[in-house]
Amino acid sequence: MLIYNTLTRKKEEFTPINPPNVNMYVCGPTVYDYFHIGNARSFIMADVIRKYLEYKGYNVKYVMNLTDVDDKIIKKSNEEGVEAGNVADKYSKAFMDDITRLKIKPATVYPKATEHMDEIVGLVKKLEENGAAYNVDGNVFFNVNNFKGYGKLSGKKTDELEVGARIEINDEKENPLDFSLWKKAKPNEPAWDSPWGGGRPGWHIECSAMSMKHLGETIDIHAGGNDLIFPHHENEIAQSEAATHKDFVKYWMHFGFLNINQEKMSKSLGNFFTAREVLKKYPAEALRLLYTQTHYGGPLAFSEDLLASAAKGSMKLKNAADRMKEGLQSSADGDFTFDFDKFYSSFEAAMDDDFNSPKAVAVVYDFVKEFNAYLNANENPGKEFFNKSIEFMTKTADDVLGIVTVNGNEKVEEADSGLLDKLINTFIELRTEAKQNKNYALADSIRDKLKDIGVVLQDSKTGTTYKIEN
RNA sequence: GGCGGCGUGGCCAAGUGGUCGAAGGCGAAGCUCUGCAAAAGCUUUAUUCAUCGGUUCGAAUCCGAUCGCCGCCUCCA
């Protein structure tokens, strides 16, 4: 299996440090607002990667941090006049809700910065003792010049950075590139005790501290958006490796941006849609199909038209899954000759090549096509054929890619004891009678009126079924 | 200025030296089904890979130049 490693800028054979265990860390959200569909791209693609590793039999420990103390949270709490902790709680919960609706499997742990102050302070202390950091009146900075590997991830050279930098002038820093490990508390800011006085962690240090605590000093995979390469991930490497003198991460993976109107979607530009607003109109499967149809590392130009196309594409998969389930119900035992292995190996070959999900998606569609062809050509393929088909769809398209939900209830929910279902079927029966009496005006009227309220009738050889449109 | 990425059919997008006379999705057209539709299924849909040169027996794939687009270097997935 190959993974593109940002550190070496090459595809490398994936060999976990301690197989079959894989330790994976993904930079999570700062919980000060709802996340947008650009952020969702990273979360979804990280989810696909994690799930494929699990598909391959790895035991994945997946950690995603929640940054619950930071400038933006403090700003929001001042604006709204509520405690910073309340802001963080509110959006942490919202994050969990949205993640669930996006069919993202929960992380093994969601560590929070505020719950790891001991580890963070301990790490900063260690860096200070090492001579890798210095304290100026309660602000602790990392000394970039003392870390020889600085720039190895981003390919930046410190001297060039200094020249062209637009870095904020801070007289306390020995070098403009030095970054905060510990920030001295200002009035009305949340603060924690430390050897340097009251304060809070710098932006980068929490990820190092929590990654080490939950996954160890050297981990297999660390992933995040492209924009985190510099300075965030570069700084994480510096502070972690200066403390442990070990490699911090074996494989660095980065996700491409979601662009809209030729620009990166971002909060500051205001050109974003939140995941929750998009989910009101489109199913998670549609968004996941749109994302998995593009390689995770490249840019993706978003538009609603594209999402609408993906929604149609995911329906095709859903129809096939439904056909499989119906086939299973109605068929007897029987023999079949159908090469499932061929599709599994194509799927794996695609995903083994740096998680080539677009190719993997194509394999799923090829499978669906062949499934349909086989079904059209064979009267009774037998239960086992349908079982195996459902299994394929479940393992690949549902469990790994999340572009279809094989066992979702597409009919009316149980909540009303099936009353609505019976009601609609009553109308269908009335229409069928009208058709038998050649009263097409009435039949069409029933069909049109149901459509007006979002119930679409579908005639076929075996009878009439319905679909609820949202 | 430094560093990185991108340019493939109407739209999106894989492919990075021969099996490409280029996957897959959406769209479009035709067919099957139907009382008519819709839905569903089937079939068809790129002599061509931004442009121009070069390397090679052979290039969308390698090299060079040109044009266009995006990102990072400052908070950002």
Side-chain angles (χ1 to χ4, degrees), chain A residues 6 9 26-30 32 35-46 70-72 75 151 154-157 159-168 177 203 223-232 234 254-259 262-269 272 289-290 292-295 297-303 305-317 319-320 322-323 346 350 353 356-366 368-369 371-373 375-376 403 434-436 438-440 443-444 447-448 451 456-461 464-467:
Chain A
T6 308
R9 302 196 183 282
V26 180
C27 286
T30 298
Y32 73 105
F35 65 86
H36 59 68
I37 55 174
N39 304 316
R41 185 183 182 199
S42 291
F43 301 149
I44 287 172
M45 294 318 290
D70 129 300
D71 291 347
K72 278 180 283 204
K75 187 169 168 240
S154 58
K156 297 188 187 303
K157 298 180 181 68
D159 47 341
E160 283 168 359
L161 274 170
E162 285 175 75
V163 177
R166 286 179 281 167
I167 294 173
E168 195 181 322
L177 285 175
W203 175 33
N226 253 169
D227 48 1
L228 296 182
I229 295 175
F230 190 90
H232 187 55
E234 193 70 65
H254 291 94
F255 305 114
F257 295 127
L258 194 70
N259 292 137
Q262 306 264 44
E263 273 180 326
K264 169 183 169 185
M265 180 177 286
S266 76
K267 282 272 161 61
S268 44
L269 290 169
F272 62 90
L289 180 63
L290 177 63
T292 50
Q293 276 185 307
T294 304
H295 187 76
L300 196 170
F302 177 85
S303 74
D305 282 352
L306 246 29
L307 183 54
S309 298
K312 289 194 178 166
S314 68
M315 275 311 298
K316 187 168 174 178
L317 265 19
N319 288 331
D322 287 346
R323 214 173 164 189
S346 301
D353 183 14
N356 191 334
S357 59
K359 215 175 199 174
V361 169
V363 172
V364 171
Y365 277 97
D366 284 341
V368 165
K369 193 176 192 176
F371 164 84
N372 281 325
L375 203 52
N376 292 342
I403 54 178
K435 276 165 68 177
Q436 279 160 356
K438 300 227 195 292
N439 185 350
Y440 297 123
D444 289 352
R447 184 170 68 193
D448 293 345
K451 189 176 187 339
V456 180
L457 299 189
Q458 300 176 334
D459 292 336
S460 75
K461 270 184 207 162
T464 302
T465 57
Y466 69 91
K467 187 172 78 176

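Reckoned from all heavy atoms, side chains included, excluding hydrogens, waters and symmetry mates. Chain letters run A, B, ... following the sequence lines, proteins first, then strands; residues in each count from 1. This one's a predicted model, so the numbers in the text were calculated from it and none came from an experiment.
- As rounded to the nearest Å, B:A50 and B:G7 have P atoms that lie 8 Å from one another.
- Taking atom C1' on both B:G24 and B:G1, the two are 42 Å apart, rounded to the nearest angstrom.
- Residues passing the salt bridge (Lys or Arg N to Asp or Glu O under 4.0 Å) test with A:K359: none are found, sequence neighbours excluded.
- Nearest-nucleotide positions on RNA chain B place A:A301 closer to the 5' end than the other of A:A301 and A:A373.
- For B:A22 and B:U47, the C1' atoms lie 11 Å apart once the distance is rounded to whole Å.
- Below the 3.5 angstrom threshold, one finds no donor paired with an acceptor across the side chain of A:N356 and the base of B:G24.
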Could you write out each protein N or O paired with an N or O of nucleotides 19-23 of chain B at a distance under 3.5 Å?
none

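- As rounded to whole Å, 17 Å separates atom P of B:G10 from atom CG of A:D305.
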Check the interface with nucleotides 27-29 of chain B: list each N/O to N/O pair with the protein under 3.5 Å, or write none.
unit_1 : atom_1 : unit_2 : atom_2 : d
B:G27  : OP1    : A:K312 : NZ     : 3.3

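- Within the nucleic acid shown, A:F230 comes within 4.0 Å of sugar-phosphate atoms alone, with no base atom in reach, counting heavy atoms only.
- Here A:K264 pairs with A:D227 under the salt bridge (Lys or Arg N to Asp or Glu O under 4.0 Å) rule; sequence neighbours left out.
- Taking a centre distance below 5.5 Å and an interplanar angle below 30 degrees as the stacking criterion, A:Y365 does not stack against the six-membered base ring of B:G25.
- A:S154 comes within 4.0 angstrom of sugar-phosphate atoms only, judged by non-hydrogen atoms across all strands, and of no base.
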Go ahead and write out RNA chain B as dot-bracket, 5' to 3': ( ) for pairs within the strand, [ ] for ones crossing earlier pairs, | when the partner sits on another strand, dots for unpaired; Watson-Crick or G-U wobble, both distances under 3.5 Å. ((((((((.[[[..)..(.....]]]((((((.......))))))....[[[[[..)....]]]]])))))))....
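- Spacing between B:A38 and B:C31 at atom P, rounded to whole Å, works out to 12 Å.
- When heavy atoms are screened at a 4.0 angstrom cut-off, A:M265 is found touching base atoms of the nucleic acid.
- Legend: residues meeting side chain to side chain donor-acceptor pair (under 3.5 Å) with A:S460, ordered by chain and number and at least two apart, are A:T462.
- With hydrogens and angles ignored, a donor-acceptor pair under 3.5 angstrom links the side chain of A:R447 to the base of B:A37.
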